[in-house]
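What you see is a predicted model; the values in this text were computed from it and never measured.
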Amino acid sequence: RPPDWDSIWFMACNLRTGGYSCPPSLSHIANAGSALIFVVAAAGLWYLKRRIEPGFPRWTFAFPLLIVFLLSNKVYSPQYSLWLLPLFALVLPDLRLWAAFQLADIAVFVTRFRFLATLYGMPGGMSYRTLQVAVCVRAAVLIACVVVWLRRKQPVPSPERTAVVALPEA
């Protein structure tokens, strides 16, 4: 599958070819590059978080791992935003970052379909540059979320909050 319109890989193809398609040769590079970037970035984030906070809750690594997947992947589906929702709530409960991501994601969604309208000669369209800006803003917000996750110390649950309470028998 070639890179999708609203991926960073498609932007790279567009810069390389000047067109709105990604030739198979560049698509193969995107396949290998996507996998390589994902593995290197995931390992690097794991290493950095372990150095910053050796005892961090390992399950919280799902959040930056998913973000690395979204940024390195050559396809970006709107459902990916739903994948991030519970992780925002559990790992990074920062309303400002979540709202920034939602606004950026909506901007990508709107500009993508308005660009496609232009591409197919329909009225009310937008340029590909506008879509590129929206994709870059979304990527920047996701990168900011990873940086905040790296720097934020995860709270250690207190024994009182994690203790099992016996219910009275009926």
Side-chain angles (χ1 to χ4, degrees), residues 1-94 96-109 111-112 115 128-129 131-157:
R1 180 175 176 177
D4 203 9
W5 297 101
D6 54 352
S7 72
I8 294 171
W9 288 106
F10 188 84
M11 289 172 48
C13 283
N14 177 258
L15 288 173
R16 178 86 165 105
T17 66
Y20 296 124
S21 65
C22 195
S25 61
L26 292 179
S27 193
H28 293 306
I29 291 170
N31 284 340
S34 179
L36 180 65
I37 290 170
F38 176 75
V39 169
V40 169
L45 286 171
W46 179 266
Y47 174 77
L48 286 172
K49 187 64 172 181
R50 289 281 315 244
R51 288 206 59 187
I52 294 168
E53 186 182 359
F56 78 96
R58 302 305 188 248
W59 67 270
T60 65
F61 188 64
F63 183 68
L65 191 64
L66 180 55
I67 289 174
V68 167
F69 170 76
L70 299 181
L71 292 175
S72 65
N73 198 358
K74 62 181 190 168
V75 176
Y76 194 104
S77 174
Q79 76 185 15
Y80 295 168
S81 302
L82 294 175
W83 295 357
L84 275 173
L85 181 61
L87 292 171
F88 262 111
L90 294 169
V91 177
L92 194 67
D94 185 323
R96 293 169 300 170
L97 284 173
W98 178 80
F101 170 70
Q102 290 302 306
L103 289 172
D105 204 35
I106 290 168
V108 170
F109 184 78
T111 57
R112 175 188 172 137
F115 159 67
Y128 181 63
R129 295 286 176 232
L131 174 58
Q132 286 178 318
V133 168
V135 169
C136 288
V137 168
R138 179 179 65 194
V141 170
L142 288 173
I143 290 168
C145 290
V146 170
V147 169
V148 169
W149 174 81
L150 271 173
R151 298 181 69 194
R152 177 178 280 170
K153 298 274 189 207
Q154 296 296 323
V156 177

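Evaluation of the salt bridge (charged side-chain N to carboxylate O under 4.0 Å, His left out) test over residues 2-13, restricted to residues two or more places apart or in two chains, returns Asp4-Arg112, Asp6-Arg112.
The backbone N or O of Val108 sits less than 3.5 Å from a side-chain atom of Thr111, completing a donor-acceptor pair. Remark: the backbone N or O of Val68 is paired with a side-chain donor or acceptor of Ser72 at under 3.5 angstrom. A distance-only check finds no donor-acceptor pair linking the side chain of Lys49 to the backbone of Arg151 [under 3.5 Å]. Remark: the backbone N or O of Val75 is not paired with any side-chain donor or acceptor of Ser7 at under 3.5 angstrom. Under a 3.5 Å cut-off, the side chain of Arg58 and the backbone N or O of Phe56 do form a donor-acceptor pair. Distance alone, capped at 3.5 Å, places no donor-acceptor pair between the Trp98 side chain and the Leu85 backbone.
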One pair to check against side-chain contact (heavy atoms from CB on, under 4.5 Å): Leu142 and Leu84. What are the steps and the verdict? CA-CA 10 Å; Leu142 288 173; Leu84 275 173; 3.8 Å; yes
Start with the C-alpha gap between Leu87 and Leu92, add the side-chain angles, then the distance that decides, and say whether side-chain contact (heavy atoms from CB on, under 4.5 Å) holds. CA-CA 7 Å; Leu87 292 171; Leu92 194 67; over 6 Å; no
Worked check of side-chain contact (heavy atoms from CB on, under 4.5 Å) between Leu66 and Tyr80: CA-CA 9 Å; Leu66 180 55; Tyr80 295 168; over 6 Å; no
Evaluate the ring pair (Phe, Tyr, Trp, His ring centres under 6.0 Å) criterion for residues Phe63 and Trp149: first the C-alpha distance (whole Å), next the side-chain angles of each, then the deciding distance (0.1 Å), finally the verdict. CA-CA 8 Å; Phe63 183 68; Trp149 174 81; 7.7 Å; no
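The two residues Pro2 and Cys22 make their nearest non-hydrogen contact at CB-O, 4.5 Å.
Because its NZ or CZ atom is both nearer than 6.0 Å to the ring centre of Tyr76 and within 45° of the ring axis, Arg138 counts as a cation-pi partner of that residue.
Classified by interplanar angle (parallel below 30°, tilted 30° to 60°, perpendicular above 60°), the ring pair Tyr20/Tyr128 is perpendicular. Between Phe69 and Phe38, the two ring planes are perpendicular [angle over 60°; tilted spans 30° to 60°].
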